[in-house]
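Below you'll find the structure, written out as structure tokens, and then a few comments.
In what follows, every chain begins at residue 1, and chains take the letters A, B, ... in the order their sequences are listed. Owing to the predicted nature of the structure, the values given are computational and were not obtained by experimental measurement.
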2 protein chains.
Amino acid sequence: MPVDHTGPVRPTLAAVARRAGVSSSTASLAFNDSGPVAQETRDRILAAARELGYDGPDPRARSLRRGRSGIIGVVLEESLRDAFRDPMNVVMLDGIADVTGPSGNSLLLLTETAASGSSLVEAPVDAVVLFGCSPSVDSKVEIVQRRGIPVVAIEGRPLPGVLDVGLDNREATRALAEHLRGLGHTRVALVTLELDRDRRRGILTPSRIDSATSFTALQRVRGAEEVYPDIGGYATLGSTIDEGRIAGRALLADPATRPTAVIAQSDLLAAGVIRAAGELGLDVPGDLSVVGFDGVRIDDPAAAGLTTMVQPALDKGRAAGRGVLELLAGGSPSSVSFTSAFRRGSTTAPPPAV
Amino acid sequence: MPVDHTGPVRPTLAAVARRAGVSSSTASLAFNDSGPVAQETRDRILAAARELGYDGPDPRARSLRRGRSGIIGVVLEESLRDAFRDPMNVVMLDGIADVTGPSGNSLLLLTETAASGSSLVEAPVDAVVLFGCSPSVDSKVEIVQRRGIPVVAIEGRPLPGVLDVGLDNREATRALAEHLRGLGHTRVALVTLELDRDRRRGILTPSRIDSATSFTALQRVRGAEEVYPDIGGYATLGSTIDEGRIAGRALLADPATRPTAVIAQSDLLAAGVIRAAGELGLDVPGDLSVVGFDGVRIDDPAAAGLTTMVQPALDKGRAAGRGVLELLAGGSPSSVSFTSAFRRGSTTAPPPAV
DNA sequence: GTCGCGGATCGAATCGATTCGACAACGCTA
DNA sequence: TAGCGTTGTCGAATCGATTCGATCCGCGAC
């Protein structure tokens, strides 16, 4: 007989049933109140459970039998710290939880690092939501899909079989660019999100753009190019104020090549650019116009009145959540795409007189 | 024969074994590379798996058999949005992930709302980490513990059987108060975190304090009282800049009763108070000294040079993660307590001359 | 030549529930 | 009173793997 190291054995449903003098099938029915069970019997079973200290069926066994775990995986790109630094992600996550929470599902945080790469495959998830998917997930997605696990991607490259929750990134950026053109700007620079996994920071080159693997960032570049075909700029490593500041310093340092306007691909980046401008003694919008993207509330007065495209982050999250639920219910929802709204702030103005 | 609605059936380990001409036990060994398996056999099994499109064992079945799911539950107090608004939580979460990720565990987000209350009980978690536990979880914790699931609490009220990761909240606040006393302040007010679940915002009264159920907030109040026994103040609904601003407006509005210094229980609250002061035309630290708590980087220049107690948030998270792992390994780690470090910033000065 | 040992494999029990089909008891209608 | 639909309960199969003990085989040691 094996020695029990784990203290008193947790009672099982079978034990409860035995004590109540019923079969375990009946006990199961009582706990799930599915199927008809006489009130008296139910009471007896519940009493037996209380006496034995049984607190309901084991989730593991239940999920094996049912084929459902009640868990939805959320795949974030990076470390949690980076992911949560951007309010966008947090708000979208909240939107997902808004929808999936009440249905009794909870969210499992998965990151894309090598170590936990396996966890995406080994996690008992019923469905997966991808945040801005990068190429590295493609293969994993395939495996997950082959398992019959539904996949929803937020602003990912459209992939067969993946429900897409999209945004008018290209159009929206074009609108921003047109706003700047309308003001008279001709020397405009981009500050992009992370373009690829190679993780280099630096001046934006055509080849760099062509090799970009981040769908969202690329679409936003394309939108800007529709108005400013030869637009250059700076590629950052992600949506943070610090990255924006670094990019801003690089772009604004030399008065000779300095742009009169910057299109930042996120509000956080824009806030960073504005800081950099301030540090260099430049006035926004007097010397430099700056536009952002996202329309999130940033706790930084410098970015208070940012001209930006407001995207419905919460709704995007909710849509993703609804998509997951529909897919789990066996439906086949169609992809949705959201549109952003232009918000004129106080960070854009005509270029300075020469 | 039941009709299959789910398309091609996912192959099982048994199917793979059959195709490879081995028993399923051997196949299992091959996939877990536990036990001795001849190289040739292993290859044959893997080949069979590939042909059948088998991607490894089903996590649900595995976790039933093993009694482990590889999932650690993280219980946050509120909606995700609120929880992640405070950088402290994010950093601590990151610290946990730092430690638990490499061990192949992932984090399941659980909130305390009524709806998901059940999920804490129904989730297949191997362990649970509580963030600043409130009284409402006590009963749930009991159930979870009875299941033999280890519980780690970050700054919770010490509970039997719960591994505590604490902070010197009382001492640290006393240090801040002494700093203010040293500067000559006599009229000092508190701006507290959420004191209880009743969710009222308002002037701090002795009875309000006595009925507080938030352990951390209460300890910080006690620390301040050691220096200023009759200290009053304002109780907020949580650690946000907005709440701080509301509290600040309430405390600073009337010049007659205005304190010369405010002890805010978090940096976010402090930032809010500073904003409120600015809006009222008060100079910090000229007219008003403000101290915070946490020492997190806040993207708000107003709070840039905050005088505060810096707490090792990342280390706290890591300690919680390590605690979880040790408990899972059958060890019995002892509670840890971290200490905060005083950081003198530029938001404190002697009180204004009368 | 036999014994013993370690490597490779297999059979069968097990994890803890859910669920389908069968069945008994009961009240009701024709 | 025979037939029938309900209600309540049970037995047994099933979900898909892990793991313990047993078996078989080949090889080196004595």
Side-chain angles (χ1 to χ4, degrees), chain A residues 1-4 6 9-45 48-49 52 54-70 121-124 126 147-148, chain B residues 1-4 6 9-45 48-49 52-70 121-124 126 147-149:
Chain A
M1 201 171 81
V3 184
D4 181 16
T6 60
V9 206
R10 202 178 97 74
T12 68
L13 182 61
V16 172
R18 211 174 307 123
R19 183 173 236 270
V22 299
S23 75
S24 60
S25 23
T26 303
S28 174
L29 295 181
F31 271 100
N32 293 284
D33 54 81
S34 45
V37 177
Q39 187 57 46
E40 191 260 345
T41 310
R42 184 191 311 277
D43 291 345
R44 201 147 34 91
I45 293 171
L52 259 44
Y54 178 81
D55 318 288
D58 182 314
R60 283 177 274 261
R62 182 207 286 266
S63 77
L64 169 60
R65 183 63 241 242
R66 292 234 246 241
R68 284 281 171 87
S69 62
V121 178
E122 290 182 5
D126 295 340
R147 288 210 161 167
Chain B
M1 201 172 81
V3 183
D4 182 15
T6 61
V9 205
R10 203 178 96 73
T12 67
L13 182 61
V16 172
R18 213 174 307 122
R19 183 172 235 271
V22 299
S23 75
S24 60
S25 21
T26 303
S28 174
L29 296 181
F31 272 100
N32 294 285
D33 54 80
S34 44
V37 178
Q39 187 58 45
E40 190 262 345
T41 310
R42 184 191 310 276
D43 291 345
R44 199 147 35 90
I45 294 172
L52 259 46
Y54 178 83
D55 319 287
D58 182 315
R60 283 177 274 260
R62 182 207 286 268
S63 77
L64 169 59
R65 184 61 240 242
R66 293 234 246 240
R68 284 279 172 89
S69 62
V121 178
E122 290 181 5
D126 295 340
R147 289 210 162 167
I149 296 179

Legend entry - base_contact_polar (C:dT14 base, B:R65 side chain, donor-acceptor, <3.5 Å): yes

Inset, instruction - Indicate, yes or no, whether a donor-acceptor pair under 3.5 Å links the base of C:dG11 to the side chain of B:S25. - result: yes

Below the 4.0 Å mark, does [N] have OP1 or OP2 next to a side-chain nitrogen or oxygen of [X]?
X	N	answer
B:R10	D:dA17	yes
B:S23	C:dC10	yes
B:R62	D:dT18	yes
B:R60	D:dG16	no

Whole angstrom is fine here: how far is it from [atom1] in [X] over to [atom2] in [N]?
X	N	atom1	atom2	result
A:R18	D:dG11	CZ	P	13 Å
B:N32	D:dC20	CG	P	13 Å
A:D33	D:dG8	CG	P	13 Å
A:R147	D:dA17	CZ	C1'	12 Å
B:D55	D:dG16	CG	P	14 Å
B:R66	C:dA13	CZ	P	22 Å
A:E122	D:dG16	CD	P	18 Å
B:L64	C:dA13	CG	P	17 Å

Is there a donor-acceptor contact under 3.5 Å from the side chain of [X] to the main chain of [Y]?
X	Y	value
A:T12	A:A15	yes
B:R60	A:P124	no
B:R10	A:R147	no

Given [options], the nucleotide with the shortest approach to the side chain of [X]:
X	options	answer
B:T41	D:dT18, C:dG16, C:dT9	C:dT9
A:D58	D:dA17, C:dA8, C:dA17	C:dA17
A:L13	C:dA17, C:dC15, C:dC10	C:dA17

Legend entry - Along DNA chain D (nearest heavy atom to each residue), the more 5'-positioned of B:L29 and A:A61: A:A61

Inset, instruction - Measure the spacing between CZ of B:R65 and CG of A:L64 and express it to the nearest 0.5 Å. - result: 12.0 Å

Legend entry - Atom pair CZ/CG of A:R18 and A:L52 - distance to nearest 0.5 Å: 9.0 Å

Inset, instruction - Determine the minimum heavy-atom distance between A:A20 and A:A48, stating which atoms define it. - result: CB-CB, 3.9 Å

Legend entry - Residue closer to the 5' end of DNA chain C, B:S24 versus B:A38 (nearest nucleotide): B:A38

Inset, instruction - Look at all strands and tell whether A:P57 reaches a base, only sugar-phosphate, or nothing, counting heavy atoms closer than 4.0 Å. - result: sugar-phosphate

Inset, instruction - Looking at every strand, decide which applies to A:S28 at a 4.0 Å heavy-atom threshold: base, sugar-phosphate, or nothing. - result: base

